[in-house]
Enquirer: 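Pasting in a structure now, in structure tokens, and then I'll have a few things to ask.
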Amino acid sequence: MSCLQVYLSRISTRNAALATAIQKTADELVPQYIKNFSYKDHVVSLLVGDVQSGKTSHMFGLMCAAADEGFPIFILLTTDNIILQQQTFKRAVRDLPGFCVCDETEYLKFQQNQLRKPAVIVLKKNGSVLRQWKNNLASTQFCIGNPLFIIDDEADAASLNTLVNKQQQSQINKKLDEIKKTSSSSIYLEVTGTPQANLLQTKQSGWKPYFIYYFQPGESYIGGNLIFNENSKIVQLTDNEESKEILADDEYPENGLLRAVLIHLLTSAQVMLSGGTVCNCLVHPSMRVADHKAFAEKIGCYLNELSQSIDEEPTIESLQACYDDLKGTKNDILPFDTLYDYVKEIVQDDDAIKILTLNSKVSFEDNIQYEDGVNIIVGGNSLGRGVTFPCLQTIYYCRVTKNPQADTMWQHARMFGYDRDSQLMRIFMPPRLFKLFVDINETNNSLIAQIQKRNGFEDIKISYPPTLRPTRKNVLDNREVATYCGGVNYFPFAPSNKDIAIIDTLLEKFDGEDSYTVNLKLIINLLEQIDNSSDDWSASSFIGFLNSIIAENPLSQAKLIVRRGRDIAEGTGTLLSENDRKLGDSFTDITVLTMYKVTGRKGWNGQQIWIPNIKLPSDKVYYSVR
């Protein structure tokens, strides 16, 4: 059997649907991009999957398929996180028995294998680790003559050049370049659930993907569309300032955090009494380690108080209210008395409920205690980027930053996955955070729709509300990444028409002082006849933005305003008349294109010309790579 067949047979015993999905990914990617590999190029590609939707399984499947096509050396990169690197290494050992799987310290094992088996080396994206393995690979006799297959899990983290705006190269980015160059050719597969930074790379950077593939999550996947919608029963809103009040108050008033703890205890009772072995609650208050400690202590004190008051009427009423909430979505939940007896038992047992902190100050050995039992995990940045919490049912998320980044927020929200009961899930967060997550989810859906349309990967465009950045600034080239604000009018300073007769024909039926509702594709056809690209206006960028809207809704409409015989001087600092500007500004949630045909009597080489003025839907910032 081939490596892929062996792998799929192992996966099928655990999840037949996942095996089918992996086979589909291999069938679509291997013939076009792996089987026909040139063995002389260094190709960058991008595999996109929803957060915690099975990306590792798909990665392993593609590695097996590539091994079947003759790729002998695989480097599997994780973030600089011991937990994640060890999780990935152990999983590779378990699922890839036909490979020589090497840990970071096992160069001798790799060398002695002598390519008798395909080799996979699991490395953290750590400067010293990458430097050592760059030297290891360079010293072997067989690397230079064989292609590398590099799989960069969470490729938007650490791998990209953080010094691009200083015209320098950051350490990790440089080491990854050097590793690629130890071989004459390579496929570099970027893998992430948050591809914003990768999509906004330039060709000059060497990290812009040559091809992009998105794989669908399985049927039981709990993702953004289920959680972040207006009718969601999973999200429960807290006060915007609650986290500050919790830290400042020595008492234990009813609030979102205490309600989350009670919900978690009842959910744990339901899970455990139904045959489960673990139920986790995640509390993400902020980045500050001191806050993690303070929240953990608050929760510990509350559990102590609960153990003393568990038989009192107010406590029973609070538990009953939480039970009624869960019963509203979980019809077959066990009776209240049954769950109450279990909760009473565990809160009065000092060892039954573990409160764990997970951050940069906590060792790996302490971090793995959440794999069984009833746990409450409190932490910060170490909660993101691939660390998986089994049966994560309850989340209290109140981390708010002044300049939130979409990819960071989405990664730190560990609520997505398969092994949760959606009917018992509850997520507590303030309204402003909920709004941000709704906005991120909408943009994620737009990106996925654009990738699936396959209309040209360079046309994939990103837009966010002004309060939300797509990714960190230091990995985007300021010289090449342009931003356009929705609600602002843009027109080219020095336009030219590719064929004015075509524009005349497209606009011949539009003649009046009003506006017209038109299909967005007509707007694109008009912009395709404008030949101009400058720092403040690019026809191709606007076409890309409009295509991203169409990818979500093919019936998308726009407003068109057409004016002829305009006697406007060339080089004017403004274009629209006061009335036309007011008319365009009256439409805020739709694209507005105003087309002026100037007489040519005041410049313009004495020629008539159509000048476009475009205004994208308001309340968003649109990003484009020039």
Side-chain angles (χ1 to χ4, degrees), residues 21 25 46-55 58 153-157 190-201 209 212-219 221-232 234-235 384-386 395 397 404-418 420 422 425 427 429 432-455 457 459-472 475-476 486 544-554 556 617 619-625:
T25 299
L46 177 60
L47 178 67
V48 179
D50 297 273
V51 171
Q52 298 194 146
S53 66
K55 291 189 297 297
H58 285 258
D153 194 12
E154 307 299 347
D156 55 319
E190 301 173 327
V191 183
T192 183
T194 49
Q196 292 89 337
N198 306 79
L199 294 173
L200 291 174
Q201 295 300 298
I212 308 172
Y213 183 81
Y214 167 78
F215 67 86
Q216 296 272 6
E219 291 184 5
Y221 177 71
I222 297 173
N225 289 335
L226 177 66
I227 298 173
F228 297 111
N229 63 77
E230 293 180 358
N231 301 316
S232 175
I234 292 176
V235 175
R385 291 292 174 191
I395 293 177
Y397 189 104
Q405 295 172 182
D407 51 1
T408 300
M409 285 184 62
W410 206 247
Q411 287 286 355
H412 282 166
R414 297 278 91 194
M415 68 278 290
F416 309 122
Y418 291 100
R420 292 97 163 88
S422 62
M425 280 196 73
I427 300 171
M429 61 174 53
R432 59 186 174 189
L433 265 181
F434 178 67
K435 176 61 168 61
L436 289 174
F437 275 111
V438 169
D439 291 334
I440 296 171
N441 188 58
E442 288 179 355
T443 297
N444 288 352
N445 288 337
S446 172
L447 293 178
I448 291 167
Q450 292 178 69
I451 294 171
Q452 292 178 316
K453 284 285 184 179
R454 297 172 182 260
N455 287 332
F457 301 130
D459 280 340
I460 293 177
K461 294 293 186 287
I462 298 174
S463 60
Y464 284 103
T467 56
L468 189 63
R469 295 201 306 259
T471 188
R472 54 203 188 283
V475 298
L476 303 183
F545 296 138
L546 301 185
N547 273 326
S548 72
I549 297 173
I550 291 172
E552 292 184 80
N553 179 12
S556 295
D619 299 326
K620 283 194 174 183
V621 177
Y622 300 78
Y623 298 82
S624 178
V625 181

Enquirer: Working to the nearest 0.5 Å, report the span between CD of Gln196 and CD1 of Ile460.
Expert: 11.5 Å
Enquirer: Does Pro617 offer a backbone N or O that forms a donor-acceptor pair with the side chain of Tyr622 under 3.5 Å?
Expert: yes
Enquirer: Identify, with sequence neighbours excluded, every residue that meets side chain to side chain donor-acceptor pair (under 3.5 Å) alongside Ser53.
Expert: none
Enquirer: So, taking the atom named OG in Ser232 and the one named CG in Leu226, what distance separates them when rounded to the nearest 0.5 Å?
Expert: 7.0 Å
Enquirer: Taking all non-hydrogen atoms of both residues, which atom of Leu200 and which atom of Pro470 are closest, and how far apart?
Expert: CD1-CG, 4.1 Å
Enquirer: Mind listing the closest non-hydrogen atom pair of Ala155 and Glu190 along with its distance?
Expert: CB-CB, 3.4 Å
Enquirer: Between Gln450 and Lys461 (side chain of the first, backbone of the second, donor and acceptor by atom type, cut-off under 3.5 Å), is there such a pair?
Expert: yes
Enquirer: So, for Arg472 and Ala157, which heavy atoms are closest and what is the spacing to 0.1 Å?
Expert: NH2-CA, 4.1 Å
Enquirer: Side chains of Ser463 and Phe545: closer than 4.5 Å at any heavy-atom pair?
Expert: no
Enquirer: I want to check something: taking the side chain as every heavy atom from C-beta on, are Arg414 and Val51 in contact at a cut-off of under 4.5 Å?
Expert: yes
Enquirer: Would you find a donor on one side and an acceptor on the other, under 3.5 Å apart, between the side chain of Tyr418 and the backbone of Gly218?
Expert: yes
Enquirer: Restricting to non-hydrogen atoms, name the atom on Met425 and the atom on Ile427 that form the minimum distance, rounded to 0.1 Å.
Expert: CE-CD1, 4.2 Å
Enquirer: Partners of Pro404 by side-chain contact (heavy atoms from CB on, under 4.5 Å), sequence neighbours excluded?
Expert: Thr401, Met409, Leu436, Leu468
Enquirer: Kindly write out the residues that satisfy side chain to side chain donor-acceptor pair (under 3.5 Å) with Asn445, not counting sequence neighbours, or none if the list is empty.
Expert: Asn225
Enquirer: Kindly compute the distance separating CE (Met429) from NZ (Lys435), expressed to the nearest 0.5 Å.
Expert: 13.5 Å
Enquirer: Mind listing the closest non-hydrogen atom pair of Leu46 and Pro195 along with its distance?
Expert: CD2-CB, 4.0 Å
Enquirer: Sequence neighbours left out, what passes side-chain contact (heavy atoms from CB on, under 4.5 Å) with Ile448? Give chain and number order.
Expert: Asp50, Tyr214, Gln452
Enquirer: Under the ring-ring contact (aromatic ring centres under 6.0 Å, His included) test, which residues partner Tyr464, sequence neighbours left out?
Expert: none
Enquirer: Out of Asn198, Asp407, Asp156, which residue meets the side chain to side chain donor-acceptor pair (under 3.5 Å) rule with Thr192?
Expert: Asp156
Enquirer: Checking Asp153 now: which residues fulfil side chain to side chain donor-acceptor pair (under 3.5 Å) with it, not counting sequence neighbours?
Expert: none
Enquirer: Taking atom CG of Asn229 and atom CG of Asn441, what is their separation to the nearest 0.5 Å?
Expert: 8.5 Å
Enquirer: Distance from Phe228 atom CZ to Leu433 atom CG, nearest 0.5 Å?
Expert: 9.0 Å
Enquirer: Mind checking what makes side-chain contact (heavy atoms from CB on, under 4.5 Å) contact with Glu442, not counting sequence neighbours?
Expert: Val438, Asp439
Enquirer: Considering non-hydrogen atoms only, spot the tightest contact between Ala197 and Leu476 and give its length.
Expert: O-CD2, 4.3 Å
Enquirer: Residues two or more places apart in sequence or in another chain: which of them pass side-chain contact (heavy atoms from CB on, under 4.5 Å) with Ala21?
Expert: His58
Enquirer: What residues, two or more places apart in sequence or in another chain, satisfy ring-ring contact (aromatic ring centres under 6.0 Å, His included) together with Phe416?
Expert: Trp410
Enquirer: How far does NZ of Lys620 sit from CD1 of Ile462, to the nearest 0.5 angstrom?
Expert: 11.5 Å
Enquirer: In chain order, what residues pass the ring-ring contact (aromatic ring centres under 6.0 Å, His included) check against Phe434, with sequence neighbours excluded?
Expert: none
Enquirer: Once side chain to side chain donor-acceptor pair (under 3.5 Å) is applied, do any residues pair with Gln201, and if so which ones, sequence neighbours excluded?
Expert: none
